[in-house]
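Since the structure comes first, as structure tokens, the remarks are kept for the end.
Order of the sequence lines sets the chain letters (A, B, ...), proteins ahead of strands, with each chain counted from 1.
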There are 2 protein chains.
Amino acid sequence: MKTISQARVQNERRILKAAIEEFEQYGFSGSRMQRIADRAKLPKANIHYYFKNKTELYTAVLNNIVSLWNKAFDRISVEDEPANALRGYIHAKLEYSQSNAAAARVFTNEIVSGAPHLKKYLKTDLRSWVTERAGVIQQWANLGKIDPINPYHLIFLIWGATQHYADYHTQVSAIMGKRKLDKCDYDEITNSLVEIILKGCGLKVR
Amino acid sequence: MKTISQARVQNERRILKAAIEEFEQYGFSGSRMQRIADRAKLPKANIHYYFKNKTELYTAVLNNIVSLWNKAFDRISVEDEPANALRGYIHAKLEYSQSNAAAARVFTNEIVSGAPHLKKYLKTDLRSWVTERAGVIQQWANLGKIDPINPYHLIFLIWGATQHYADYHTQVSAIMGKRKLDKCDYDEITNSLVEIILKGCGLKVR
DNA sequence: GTCTATAGTTAGATAGAC
DNA sequence: GTCTATCTAACTATAGAC
């Protein structure tokens with residue numbers, strides 16, 4: 001027998017999952033509450049029962065994505081050797097792009113649209129996060145452990161390169177002549193990116 | 001005195017410019033013909049006079065972007081030295097991301113949404129283009145002119161890294177603490193990317 | 001908590017005067 | 001080629017029975 005709050009948690013989760021798919025495909029303004037309801041196999045009125053309106057549902061989805069992202073990357077250690085740290089980070093980012101591709105695309109959609117719902121997060125939490133990591137890379141450079149590159153653009157390079165496989169998955173698959181990329185492809189991608197980026201920073205690849 | 005066809009050309013151009021801004025911000029389904037009309041400072045009915053419906057207008061915008069892209073990158077020479085060719089390509093791509101940022105974001109929006117209007121282009125024209133370039137990079141590797149990296153993922157790395165500055169402009173600016181990136185920033189970005197990627201392929205940076 | 005019915009609004013598109 | 005008025009369809013959101 002299900003308690004009421006179990007039903008609530010379960011339904012909210014189902015709605016969020018359906019909403020991610022809808023927002024991924026159509027963006028915020030293009031998404032339809034009716035289609036979200038259909039995807040979640042619930043009457044439209046129930047969506048409004050759990051989430052007051054479209055904006056609140058979208059905000060919940062974004063918060064979900066951001067907290068997922070934080071959980072995945074806040075543990076990146078700053079005391080590691082540069083080569084290990086960067087290799088681990090590229091690996092984790094690609095893993096994330098693969099297993100959370102839909103969420104990653106919702107995030108991109110929001111940023112491409114000018115980040116109307118995330119401006120504050122970008123300017124506060126995310127900015128501190130990057131500034132901190134950039135400081136560590138700068139210290140590595142000062143100690144001669146890595147070539148003197150601009151730490152911010154190294155981070156953006158890793159983000160751009162890894163996020164590309166989530167955002168541009170359709171294009172990448174079309175070019176590679178596959179329906180979708182498999183485990184094997186992602187291993188090849190990881191190796192390629194790790195090799196070029198580490199070597200590009202003056203680090204030994206292995 | 002304006003001839004009829006001058007008015008036609010001029011209005012079509014104004015509508016396309018307005019449409020790019022609208023599609024950039026809201027995606028296809030989220031865009032509103034009324035807002036496009038407002039941006040172009042024309043009555044909504046006129047938009048429908050020049051473009052039969054929303055889909056036709058969107059398709060015109062995408063064709064515009066694709067032909068712009070082809071014009072900018074089809075001249076990339078295959079006989080160049082690897083270092084010169086890659087440097088030139090990274091440079092051109094970043095230049096494009098900077099001066100055609102809105103168009104680049106419309107394209108990304110379309111791909112992120114699953115490329116419903118561009119699947120055919122991706123599987124035919126773009127695929128051939130990439131296959132051809134990948135072949136050249138492979139030949140470079142066979143001749144020992146460049147380290148043996150996967151040519152496809154090198155191309156995707158360059159695309160991802162350069163496109164990031166158009167698509168994620170809002171996020172990059174927020175992190176850098178600026179309202180927008182200037183000429184100086186783009187020079188720094190070009191240098192950073194060229195250095196890491198060339199070195200990463202075993203090439204001399206200069 | 002669930003769901004049907006519907007209110008209220010706004011969208012894409014067009015008819016027809018100028 | 002321009003523009004007002006308007007049609008039909010689709011949307012968000014809610015009221016109220018169960």
Could you give the [atom1]-to-[atom2] distance, from [X] to [N], as a whole number of Å?
| X | N | atom1 | atom2 | result |
| --- | --- | --- | --- | --- |
| Y49(B) | dG16(C) | OH | C1' | 15 Å |
| F51(A) | dG1(C) | CZ | P | 12 Å |
| N46(A) | dA13(D) | CG | C1' | 13 Å |
| Q10(A) | dT2(C) | CD | P | 10 Å |
| I47(A) | dT12(D) | CD1 | P | 11 Å |
| I15(B) | dT2(D) | CD1 | C1' | 12 Å |

Within the distance-only criterion (no hydrogens, no angle test), does the side chain of [X] pair as donor or acceptor with the backbone N or O of [Y] below 3.5 angstrom?
| X | Y | result |
| --- | --- | --- |
| K180(A) | T170(A) | no |
| N63(B) | A60(B) | no |
| D187(A) | C184(A) | no |
| S31(A) | E22(A) | yes |

Between K199(B) and D147(A), does at least one N-O distance fall below 4.0 Å, as a salt bridge requires? yes
Taking only Lys NZ, Arg NE, NH1 and NH2, and the carboxylate oxygens of Asp or Glu, determine whether D38(B) and R32(B) approach each other closer than 4.0 Å. no
Let's see if you can work this out: which of dG1(C), dA15(C), dT14(D) has an atom nearest to the side-chain heavy atoms of H48(A)? dT14(D)
Let's see if you can work this out: which of dT2(C), dA15(C), dT2(D) has an atom nearest to the side-chain heavy atoms of A45(B)? dA15(C)
For A103(A) against I20(A), the heavy-atom pair lying closest together: N-CG2, 4.0 Å
Contact list for DNA chain C against residues 31-44 of chain A - heavy-atom distance below 4.0 Å: P43(A)
For DNA chain C, what residues of residues 53-63 of chain B have any heavy atom nearer than 4.0 Å? N53(B), K54(B)
Checking Y96(A) against H91(A): is there a side-chain donor and acceptor pair closer than 3.5 Å? no
What does Y50(A) touch in the nucleic acid at a heavy-atom separation under 4.0 angstrom: a base, only the sugar-phosphate, or nothing? sugar-phosphate
For Q139(A), give me all partners under side-chain contact (heavy atoms from CB on, under 4.5 Å), at least two apart in sequence or on another chain. none
